[in-house]
Amino acid sequence: MFLSLRTEVETALEDALVALEYPTDDLGIEEPPDDVASVLASSVAFRLAGEAGAAPPQVAAQLADEIDLDELTYVSRVETQGPYLNFLPSDAYFETTLGAATAADYGTLEDRDQSVVVEHTSANPTGPVHVGRARNPIIGDAVANVLDFAGYDVSRHYYVNDAGRQMAVFTWAYETFDEDDLEDDPARERIEYDLVRYYRKGNRFLENASDEEVEAAEAEIDAIMQGLEAGDEETYERVSEVVDQVLGGMKECLERLPAEFDEFVKETRFMRNGATDDLVARLKELDEAVYEEDAWQLELDDHGIDKNLVFLRSDDTSLYPTRDLAHHEWKFDNYDRAVTVLGEDHKLQARQLRTTLELLGNDTDQLRQVLYSYVNLPEGKMSTRRGTGVDLDDLLDEAIDRARDEVEDRLDDRIRDDDLQEDDIERIAHQVGIGAVRYDIVSKQPTKAITFQWDQALDFEAQSAPYVQYVHARCCGILEESGFGVDGTIETDVDATLLETPAERDLLETIARFPAVVEEAADDLEPHQIATYTREFADRFNTFYRECQVLSDDVDADLQEARLALVAASRHTVANALSILGVAAPRSM
RNA sequence: GGGCACGUAGCUCAGUCCGGAUAGAGCGUCGGACUUCUAAUCCGACGGUCGUGGGUUCGAAUCCCAUCGUGCCCGCCA
C-alpha cells in the first residue's frame, strides 16, 4: 500500500541517484496534484540541474532511465513530465490495497510496544462542563484514538484538581450554605448543576460580605487547605464529598460525547503519598531555587522564561504546578510517553513545567503538549464561577433536536421507502447531532480561535459529519442489499484489475493512503488530518457511487464481486476514520 | 510594554512543520440532475494582491526580517 510504495520509491530513487553520483540528501518526494496520474512524484531534478549541467527535464529523464522497474512491485512505470518524475502504481498496488482493506481493522498500524498516557479535559470539578472547554475532550479523545490506531498502548487520564483553593472555597461554601440561601433552582437535574450553585454563592459572598465575615470565611478555607497539605484524612474526606459528586456529574456529561477515561488521577494523591514533599525538597536544591518574599521560587530566566515559578507558598503549602511536577514524574515512571491536551492559556505554565522537569533530570522528549485555543462567546469568556457560558449539555441537546427535525423533514420527500421506525429516527438524530458537533471541532486546527455561534456550531451542511456519515450509510446500504450483509465476508481473491475506471482507481488510491494518514496524524498529534482525509474520501466515494453501479444486472459477476469488495473496503476505511474522530458511523440515515 | 499563536474567496476552513506542477473544499449566489445500490448526493458557473512591505531561492501561501490587525498569557489562582 501507500507506505510500502513510498519506501519502494525512496529506495529506487536513492539507488538511481547513487548510480549517477548525485547527492541523496533530499529526494524531493511529494504527492502530485489531482490531475496527475501518479501516486508519488519527485522534484529532485530541479536541484540537480546545476550540478549536472543540464536542464531539469533532462536530469529527470536520466533518472527515469536509471530506475529498474523489474525490481519494483508497486510501481509499474516512471514517467517524466517536464522536470517532474512521476511514479505510477502497478496492478499489485491495487490488488494489495483491496486485500488489506477487506480486513475490518484496516488502518490500524503495527503494535509499537510503547505505552502512552493521554491526559485531557482535566477541568476543575467546580460545575457543569461548558462549551469553552468542549474542545479539550473532543480533541483529546481523538488524539488518544489516533495513537491507539497507530499502534500505541494508550491510557486516557483525567487529572482532577482536587487540592486547590477553588476546591477549598467550594467545600467551605457547600458546608456553610443551605438550599434556602440559594437564589436559583438548578438549571438541570444533575448533581453538578445542583452543587455549582453553592460554589457561585460562596464566591459572591467572598466578594460582597463585610470584612469580618470574609475574614472568618477565609480562616475556614485556609484550614481546609492546610489540612489537605498535612495529609489530614478528615479534611480529605470533606473535600472528596464535593469533588466526587461534581465529578460524577461531569463524567456523565462527557460520556455523551462520548469521552471516557481509564483513570481519574487526583492531585491530592501526590500530596498524600509524600511525592510533593520530596519534590519540594529536590526543587530547593536546584541552582535556580531562590527564597524571595517568604516564598520558594525558581528563577528560569536563563532558560528563556521571565516569570518565576513559585513552588512553595509563604505558609508552606504547595501550589498546583508543584503537584503537577510530581504528577508528571509519576507519569514518566509508568509510561513511555506522555501527551497532554491543554488550553493555550496554560502555555506559559506548560513551558515552566517542561523546563523544570528537565532541571529535575527528566527526559522531556517523552512529553508532548497539544495546545488549543478556547472557545469564547461573542461577548467574552465563559466562566463556571460567574455562570457565564453555554453548557455542553445544552449544546448537545440542541444539536440532537435540530438533527431530529432534519431527519423528519427529509422523511417526507424520501424516494426510497425504507420505513424508518421511531427508534431509528432517534438513533440517527443522536449520531448526526453529536457527530456534527464533534466533527466541527475536531476538523479544525486547534490553534485557531473559535467564537461560539449556535448556527455555526450546528451546521449540518456538506463538509460536516453527516456528509461523511452518509457515505458510510451508502456503503452499508449496498452491502445489505447485496446479500453479503454489512459485516459479511466478501471474497478476498477478487480481481482488482477489473476496477479500471478512473473513479474506481481514485477510490482505491485514496483507500491505500489511509494508513499513511493515520501514521502522520499520530506523529503530529493532529487528528484534524483524519477529518480532512474523510472529506476527500467521501468525495471520491460519491464519484464512484455515481459512476459505477454495483448491484445492477448489467454488471457482470466478476466485476460485481470486485466492486463489492471495493465497497466493503470503503466501509472499513470510513468507519475507522470516523471512529478515530469519535463520530458515529450510522448504518442508515 | 514583553512573550506566544492566528491572519488564505462575501462567510467557515484545508494546504504552512518538510518550499515545487494552473492556490483547494464547503456555505452563500446563479443554473442543472431523482422510473436508478438512500438527492443529508451529484454536475456546472461565479468568486483569490494567500494581511502588508522587504529578503532568500531556478521556484515562496509555505523559509527569514520588518510591520499592521486579532486572540491568549505575563497571580504566593488553577
Side-chain angles (χ1 to χ4, degrees), chain A residues 26 28-30 32-36 41-44 46-47 49-50 56 81-84 86 122-124 126 161 163-167 169 267 292-297 304-308 310-315 317 319-321 324 343-349 351 371 373-374 376 381 403 406-407 409-410 413-416 418 428 432 440 443-445 447-451 456 459-467 469-471 473-482 524 526 528-529 531-532 535-536 538-539 542-543 545-552 555 563-564 567 588-589:
Chain A
D26 184 355
I29 290 181
E30 59 196 62
D34 283 346
D35 54 352
V36 173
S42 170
S43 59
V44 72
F46 280 112
R47 273 178 291 287
Q81 191 170 332
Y84 294 96
N86 282 313
S122 303
N124 296 334
T126 50
N161 307 158
R165 186 185 143 79
Q166 291 182 70
M167 291 322 300
V169 170
E267 60 173 332
E292 275 175 15
E293 296 174 36
D294 298 331
W296 278 95
Q297 336 196 350
I305 299 173
D306 293 336
K307 195 192 143 222
N308 279 11
V310 176
F311 62 88
L312 197 62
R313 291 191 182 95
S314 46
D315 65 359
T317 54
L319 291 90
Y320 176 84
D324 202 24
E344 62 167 350
D345 52 336
H346 290 67
K347 202 162 183 171
L348 177 60
Q349 294 92 293
R351 282 183 61 208
L371 296 152
S373 81
Y374 262 44
N376 288 326
K381 292 185 109 180
E406 198 78 18
V407 178
D409 280 357
R410 288 170 198 271
D413 47 36
R414 254 171 126 85
I415 284 179
R416 189 181 172 189
D418 56 354
I428 296 167
V432 167
D440 180 60
S443 61
K444 292 168 185 165
Q445 285 184 44
T447 44
K448 300 231 183 194
I450 294 181
T451 301
Q456 247 171 49
D459 183 2
F460 297 156
E461 293 302 330
Q463 223 175 48
S464 69
Y467 177 70
Q469 291 174 313
Y470 191 57
V471 165
R474 276 181 153 175
C475 289
C476 291
I478 295 174
L479 294 170
E480 195 66 56
E481 195 81 21
S482 75
D524 299 345
E526 288 184 349
H528 80 269
Q529 292 184 23
T532 303
R535 274 201 291 270
E536 277 173 40
D539 283 346
N542 283 324
T543 304
Y545 186 86
R546 185 185 74 248
E547 308 270 333
C548 304
Q549 279 284 312
V550 180
L551 301 176
S552 160
V555 181
R563 285 184 176 167
L564 269 175
V567 172
S588 67
M589 281 175 72

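So you know, we letter chains A, B, ... as the sequences are listed, proteins then strands, and number each from 1.
Side chain of A:Arg410 to main chain of A:Met589: no donor-acceptor pair is present (N/O by atom type, distance under 3.5 Å, no hydrogens or angles). Using a distance-only test at 3.5 Å, with no hydrogens or angles considered, a donor-acceptor pair links the side chain of A:Ser373 to the main chain of A:Lys448. When atom types are taken as modelled, the side chain of A:Arg563 and the backbone of A:Gln549 share a donor-acceptor pair closer than 3.5 angstrom.
On the P atoms, B:rG51 is 15 Å away from B:rU16, given to the nearest whole Å. Using atom C1' as the reference point in both B:rU67 and B:rC43, the two lie 45 Å apart (nearest Å). Comparing the C1' positions of B:rC68 and B:rG26 gives an interatomic distance of 30 Å, to the nearest angstrom.
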Per-nt protein contacts along nucleotides 67-75 of chain B (heavy atom under 4.0 Å; B base, S backbone sugar-phosphate only, - none) come out as ----SSSSS
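Two residues are said to be in side-chain contact when any heavy atoms from C-beta on lie closer than 4.5 Å; A:Asn308 and A:Glu292 meet this criterion. Residues A:Arg313 and A:Asp294 fail the side-chain proximity criterion, which asks for heavy atoms closer than 4.5 Å. Side-chain contact between A:Leu564 and A:Val550: present, with at least one pair of heavy atoms (C-beta onward) separated by less than 4.5 Å. Residues A:Gln349 and A:Pro321 are not in side-chain contact: their nearest non-hydrogen atoms beyond the backbone lie 4.5 Å or more apart. In this structure the side chain of A:Tyr467 reaches within 4.5 angstrom of the side chain of A:Asp539, judged on heavy atoms. Counting only heavy atoms from C-beta outward, the side chains of A:Tyr545 and A:Ile478 approach each other to under 4.5 Å. Residues A:Val36 and A:Asn86 meet the side-chain proximity criterion, which asks for heavy atoms closer than 4.5 Å. At least one side-chain heavy atom of A:Arg535 sits less than 4.5 Å from a side-chain heavy atom of A:Ser443.
Nucleic acid contact for A:Cys476: none, since no nucleic acid atom lies under 4.0 Å from a heavy atom of the residue. Within the 4.0 angstrom heavy-atom criterion, base atoms lie near A:Val432. At a threshold of 4.0 angstrom between heavy atoms, the contacts of A:Ile428 include nucleobase atoms, whether or not backbone atoms are also involved. Contact annotation for A:Gln549: base contact, defined as any heavy-atom pair under 4.0 Å involving a base atom. Among the atoms of the strands shown, none is found under 4.0 Å from any heavy atom of A:Phe311.
Here B:rA14 presents its P atom at 11 Å from CD of A:Gln529, a figure rounded to the nearest Å. Put simply, CZ on A:Arg535 is 13 Å from P on B:rU41, counting in whole angstrom units. With rounding to whole Å, A:Lys448 atom NZ is found 11 Å from B:rC50 atom C1'. To the nearest angstrom, P of B:rC18 lies 17 Å from CD1 of A:Ile29. Rounding to whole angstrom units, CD of residue A:Gln445 and C1' of B:rG15 are separated by 9 Å. Whole-Å rounding puts the A:Arg546 CZ to B:rC37 C1' distance at 15 Å. For A:Lys444 and B:rA25, the NZ to C1' distance is 14 Å, given to the nearest whole Å. Rounded to a whole Å, the CD atom of A:Glu481 is 12 Å from the C1' atom of B:rU36.
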Annotated structure of RNA chain B as dot-bracket, pair cut-off 3.5 Å, Watson-Crick or G-U only, | for inter-strand, is (((((((..((((......[...)))).(((((.......))))).....(((((..]....))))))))))))....
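Toward the 5' end of RNA chain B, the nearer of the two residues A:Ala403 and A:Glu526, judged by each one's closest nucleotide, is A:Glu526. Comparing A:Gln297 and A:Tyr545 along RNA chain B, the residue whose closest nucleotide (by nearest heavy atom) sits nearer the 5' end is A:Tyr545.
Taking both residues in full, the closest heavy atoms of A:Asp345 and A:Tyr374 are given as OD1-CE1, 3.5 Å, listed atom of the first, atom of the second, then distance. Looking at every heavy atom in both residues, A:Ala295 comes nearest to A:Val310 through CB-CG1, 4.2 Å.
Listed by chain and residue number, A:Asp26 satisfy the salt bridge (charged side-chain N to carboxylate O under 4.0 Å, His left out) test with A:Arg47 (two or more places apart in sequence, or in another chain). Residues satisfying the salt bridge (charged side-chain N to carboxylate O under 4.0 Å, His left out) criterion with A:Asp440, sequence neighbours excluded, are A:Lys444.
For B:rA40, one of the phosphate oxygens OP1 or OP2 lies less than 4.0 angstrom from a side-chain nitrogen or oxygen of A:Arg410. Regarding contacts with the backbone of B:rA39, a side-chain N or O of A:Arg474 is found under 4.0 angstrom from either OP1 or OP2. Proximity of A:His528 to the phosphate of B:rG15: a side-chain N or O atom is located under 4.0 Å from OP1 or OP2. Taking 4.0 angstrom as the limit, A:Arg313 places a side-chain polar atom (N or O) nearer than this to OP1 or OP2 of B:rA78. A close approach under 4.0 Å does not occur between any side-chain nitrogen or oxygen of A:Asn161 and OP1 or OP2 of B:rA78.
For the residue pair A:Gln166/A:Asn161, the side-chain donor-acceptor check at 3.5 Å is not satisfied.
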Measure all distances between protein nitrogen or oxygen atoms and nitrogen or oxygen atoms of nucleotides 21-24 of chain B, and list the pairs falling under 3.5 Å.
{"unit_1": "B:rA21", "atom_1": "O4'", "unit_2": "A:Tyr84", "atom_2": "OH", "d": "3.0"}
{"unit_1": "B:rA21", "atom_1": "N6", "unit_2": "A:Asn86", "atom_2": "OD1", "d": "3.1"}
{"unit_1": "B:rA21", "atom_1": "N1", "unit_2": "A:Asn86", "atom_2": "ND2", "d": "3.4"}
{"unit_1": "B:rU22", "atom_1": "O4", "unit_2": "A:Asp35", "atom_2": "OD2", "d": "2.1"}

Pairwise N/O distances under 3.5 Å, protein to nucleotides 60-65 of chain B:
none

